[in-house]
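Have a look at the structure below before the remarks.
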Amino acid sequence: GAVVSQHPSRVICKSGTSVKIECRSLDFQATTMFWYRQFPKQSLMLMATSNEGSKATYEQGVEKDKFLINHASLTLSTLTVTSAHPEDSSFYICSARKELNYGYTFGSGTRLTVV
Amino acid sequence: RKEVEQDPGPFNVPEGATVAFNCTYSNSASQSFFWYRQDCRKEPKLLMSVYSSGNEDGRFTAQLNRASQYISLLIRDSKLSDSATYLCVVNIGTGGFKTIFGAGTRLFVKA
C-alpha cells in the first residue's frame with residue numbers, strides 16, 4: 001500500500017500565530033511531497049512541491065516566506081503557516097506518490113481556522 | 001482554456017441509474033490519468049487509474065480517448081454512497097512531471 005499520514009486534522013489558532021502541519025509517508029519513501037490548499041467548494045490548488053534535502057518549489061502567487069516547507073527526511077514534510085490570518089483558513093492537504101505513474105495518496109487533510 | 005476541464009454538475013440521479021462523466025485535457029503530453037473521489041470535507045481518494053485499453057472495477061468503468069483527449073468515468077447501478085465529487089487527474093510529461101487536477105464533478109444519488 002501507500003499510506004500518508006497528516007497531522008493535525010484540525011487546528012484553530014489566533015491571528016498572528018504560526019501553525020505547523022506534518023505529512024508522513026508511512027510505508028514508503030517519498031523524495032517528493034506536495035502541498036495543496038482547498039477552499040470551500042473549490043478545487044485543490046497546488047501550493048508547493050516539497051523536495052527532500054532541497055528547497056521547495058512554490059507555485060505562482062504562494063508566498064514562500066509565509067508558507068515554510070521543510071522536507072528533512074524521506075518520510076516527513078512539514079508546512080508551517082507563519083503569522084496566520086483569517087484568510088489563511090482553509091483545508092490543507094499533502095500528498096505523495098509511491099512511484100512514478102502511480103496514483104497519489106493524500107493525507108487526511110488539516111482544517112485550519114484562524115480566528 | 002483550462003488544462004483539465006470537467007463539467008462541475010451537479011448531476012442528480014436516482015438510485016440504480018447509470019451516470020457518466022467526461023474530462024477533457026489540453027496537453028497532448030499527458031501521460032497518465034486517474035479518477036479520484038472526494039467526499040465533502042475529506043481528502044481525495046484514488047478511485048481508479050485510467051488505462052489506454054479502458055478498465056473496469058465493479059460498477060465503475062474508465063476509458064481514455066487519446067485522439068480526442070478525454071477520459072470518462074461510467075458508474076452503473078448508482079448507490080446513495082456514490083454521492084461525492086469526482087476529480088479527474090492528469091499527469092503531464094515524463095520524469096518528475098506535472099499533475100493537474102480537474103475542478104471536479106459533483107454527483108448526488110437520491111433514493
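So that the names make sense, note that chain A is the first sequence line, chain B the second, and so on, each numbered from 1. Keep in mind that the numbers below use all heavy atoms, side chains included, and drop hydrogens, waters and symmetry copies.
Comparing B/Lys42, B/Arg41, B/Gln38 by heavy-atom pairs within less than 4.5 Å of chain A, the highest count is held by B/Arg41.
When heavy atoms are compared at a cutoff of 4.5 Å, A/Phe106 approaches chain B by way of both its backbone and its side chain. Heavy-atom distances place no part of A/Gln6 under 4.5 Å from chain B, backbone and side chain included.
For the residue pair A/Trp35 / A/Ser95, no side-chain donor-acceptor distance below 3.5 Å is found, with atom types taken as modelled. A donor atom on one side chain and an acceptor atom on the other are not found under 3.5 Å apart for A/Thr57 and A/Thr49. Looking at B/Gln6 and B/Thr105, their side chains do bring a donor and an acceptor atom within 3.5 Å of each other.
You'll find the side chain of A/Leu112 reaches within 4.5 Å of the side chain of A/Cys13, heavy atoms only.
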